[in-house]
Asks: 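Can you read through this structure? Questions will come right after.
The chain is numbered in sequence order, starting from 1. Ligands are counted one by one from 1 in listed order, and the atoms in each one are counted from 1 as well.
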Amino acid sequence: MSAQSLLYEGKAKIIYTTDDPEIVLAHFKDDATAFNAQKRGSISGKGEINCTISTALFQYLEKLGIPTHFIDSVSPNQMRVMRLRILPLEVVVRNIAAGSLCQQTGLPLGTVLKQPLVEFYYKNDALGDPLLTRDRLLLLELATPEQIAQLQQLALQINQYLSDFFKKCGITLVDFKLEFGLDSQGQLRLADEISPDTCRLWNQADTDPNNRVMDKDRFRRDLGNVEDAYQQVLKLVLAQTANQD
Ligand code: TMP
Ligand code: ASP
């Protein structure tokens with residue numbers, strides 16, 4: 001398997017074709033952006049860290065029966081994944097109020113939600129990734145009613161599995177973003193990545209609202225020690241993975 005031509009370059013990843021039309025190579029970059037790329041920077045070692053964490057979490061979820069795009073890892077910052085038709089949706093699951101939920105509803109930061117909240121955002125940079133209603137999803141034909149129900153169910157199941165996993169790492173899974181795509185059989189599969197770029201992760205042992213942050217909010221909000229936090233998550237995830245084997 002060799003990387004061939006560049007298929008797509010996003011903010012945090014480059015996707016290459018391979019000699020197999022059903023398989024692409026995802027290369028994880030150190031580049032970091034926030035606020036729809038208005039803020040740009042780099043987090044040293046992030047590509048390798050996020051690729052390694054995502055590999056561990058995709059393998060964990062696959063073992064529990066969640067279909068993902070993951071095939072194998074070929075180097076510390078590159079994984080082979082199935083070529084999917086990616087739905088232009090960001091599926092966000094929230095357990096605790098933070099980020100845009102607080103900004104848009106006035107809920108205080110840290111409010112524990114009575115039940116997990118699943119939200120759909122339109123993945124469209126020009127429009128600023130707006131929050132969608134179910135009717136808007138259907139209007140824009142971004143997913144069928146059956147797919148919406150399946151995405152909701154998958155998102156909640158993944159939330160349970162990831163929350164359990166991170167709890168054992170001493171980390172609270174506050175919220176996270178997922179992307180899905182359809183494979184050649186028309187089956188929905190989890191795609192993209194699961195990493196400190198796409199999750200809010202709080203250190204359970206620390207109640208200080210800034211110190212406890214172990215994810216990309218350190219970069220978004222200029223909290224400092226970004227690399228250290230990512231390294232710490234990597235260490236805990238790998239230790240927990242080794243524990244489960
Ligand atoms: P939000 O509170 O800003 O809406 O973010 C919710 C979750 O989604 C949080 O864990 C960060 C993640 N996220 C992404 O992965 N990509 C994005 O572009 C945004 C806005 C959020
Ligand atoms: N990835 C996002 C962007 O730059 C922002 C974020 O993760 O907050 O568009």
Asks: Would you mind telling me if ligand 1 is within reach of the side chain of Arg94, the backbone, both or neither, using heavy atoms under 4.0 Å?
Replies: side chain
Asks: Near ligand 2, which protein residues have a heavy atom under 4.0 Å away?
Replies: Lys11, Thr33, Ala34, Phe35, Asn36, Ala37, Lys216, Arg220
Asks: Could you tell me, atom by atom, which parts of ligand 1 come under 4.0 Å of a heavy atom of Gly99?
Replies: 2 (O)
Asks: Where do Ala98 and Asp175 come nearest, in terms of heavy atoms and distance?
Replies: CB-OD2, 4.1 Å
Asks: How does Val174 reach ligand 1, if at all, at less than 4.0 Å between non-hydrogen atoms: by side chain, backbone, both, or neither?
Replies: neither
Asks: Can you confirm whether Glu62 is buried at CD, in the sense that more than 12 heavy atoms of other residues, nucleotides or ligands lie under 6.0 Å from that atom?
Replies: yes
Asks: Is it true that the side chains of Thr55 and Ser73 contain a donor and an acceptor less than 3.5 Å apart?
Replies: no
Asks: Please could you name the atoms of ligand 1 that Asp197 approaches to less than 4.0 Å, counting only its heavy atoms?
Replies: 15 (O)
Asks: For Asn211 and Asn203, does a side-chain donor sit closer than 3.5 Å to a side-chain acceptor?
Replies: no
Asks: Can Asn50 and Thr52 be counted as having a side-chain donor-acceptor contact under 3.5 angstrom?
Replies: no
Asks: Could you go step by step and tell me if Ile158 and Leu61 meet the side-chain contact (heavy atoms from CB on, under 4.5 Å) rule?
Replies: CA-CA 7 Å; Ile158 293 167; Leu61 290 173; 4.1 Å; yes
Asks: Does any donor atom in the side chain of Arg220 or Thr33 lie under 3.5 Å from an acceptor atom in the other side chain?
Replies: no
Asks: For atom 20 (C) of ligand 1, is there a protein heavy atom at a distance under 4.0 Å?
Replies: no
Asks: Under 6.0 Å from the ring centre and within 45 degrees of the ring axis: does the NZ or CZ of Lys39 meet both conditions for the six-membered ring of Phe219?
Replies: yes
Asks: Let me have the donor-acceptor pairs involving side chains of residues 177-184, under 3.5 Å, with sequence neighbours excluded, atom names and distances please.
Replies:
{"unit_1": "Lys177", "atom_1": "NZ", "unit_2": "Glu179", "atom_2": "OE2", "d": "2.7"}
{"unit_1": "Lys177", "atom_1": "NZ", "unit_2": "Asp192", "atom_2": "OD2", "d": "3.0"}
{"unit_1": "Glu179", "atom_1": "OE2", "unit_2": "Lys123", "atom_2": "NZ", "d": "3.4"}
{"unit_1": "Asp183", "atom_1": "OD1", "unit_2": "Gln185", "atom_2": "N", "d": "2.9"}
{"unit_1": "Asp183", "atom_1": "OD1", "unit_2": "Gly186", "atom_2": "N", "d": "3.1"}
{"unit_1": "Asp183", "atom_1": "OD1", "unit_2": "Gln187", "atom_2": "N", "d": "2.8"}
{"unit_1": "Asp183", "atom_1": "OD2", "unit_2": "Arg189", "atom_2": "NE", "d": "2.9"}

Asks: My understanding is that we take every heavy atom of each candidate and find the minimum distance to atom 4 (O) of ligand 1. Doing that for Ser100, Ala37, Ala98, which one comes out nearest?
Replies: Ser100
Asks: For atom 17 (C) of ligand 1, what's the nearest protein heavy-atom neighbour? Residue, atom name and distance, please.
Replies: Glu90 OE1, 4.0 Å
Asks: Can you confirm whether the side chains of Tyr230 and Gln232 place a donor and an acceptor under 3.5 Å from each other?
Replies: no
Asks: If you count the non-hydrogen atoms of other residues, nucleotides and ligands that lie under 6.0 Å from NZ in Lys235, is the total more than 12?
Replies: no
Asks: Counting each atom of ligand 1 from 1 as listed, which ones have a heavy atom of Arg200 under 4.0 Å away?
Replies: 1 (P), 2 (O), 3 (O), 5 (O), 6 (C), 9 (C), 10 (O)
Asks: If you measure from atom 13 (N) of ligand 1 to every heavy atom of Lys177, Glu179, Lys11, which option wins on shortest distance?
Replies: Lys177
Asks: Heavy atom under 4.0 Å from ligand 1: found in Arg220's side chain, backbone, both, or neither?
Replies: side chain
Asks: Suppose we measure from atom 10 (O) of ligand 1 to each protein heavy atom; which comes out shortest, and what is that distance?
Replies: Asp175 OD1, 2.6 Å
Asks: Which of the atoms of ligand 1 are close to Phe176, meaning less than 4.0 Å from one of its heavy atoms?
Replies: 10 (O)
Asks: Quick one about Ser163 and Asn159 (side-chain donor to acceptor, distance below 3.5 Å, no hydrogens or angles considered), yes or no?
Replies: yes
Asks: Does Gln104 come within less than 4.0 Å of ligand 1, judged by its heavy atoms?
Replies: no
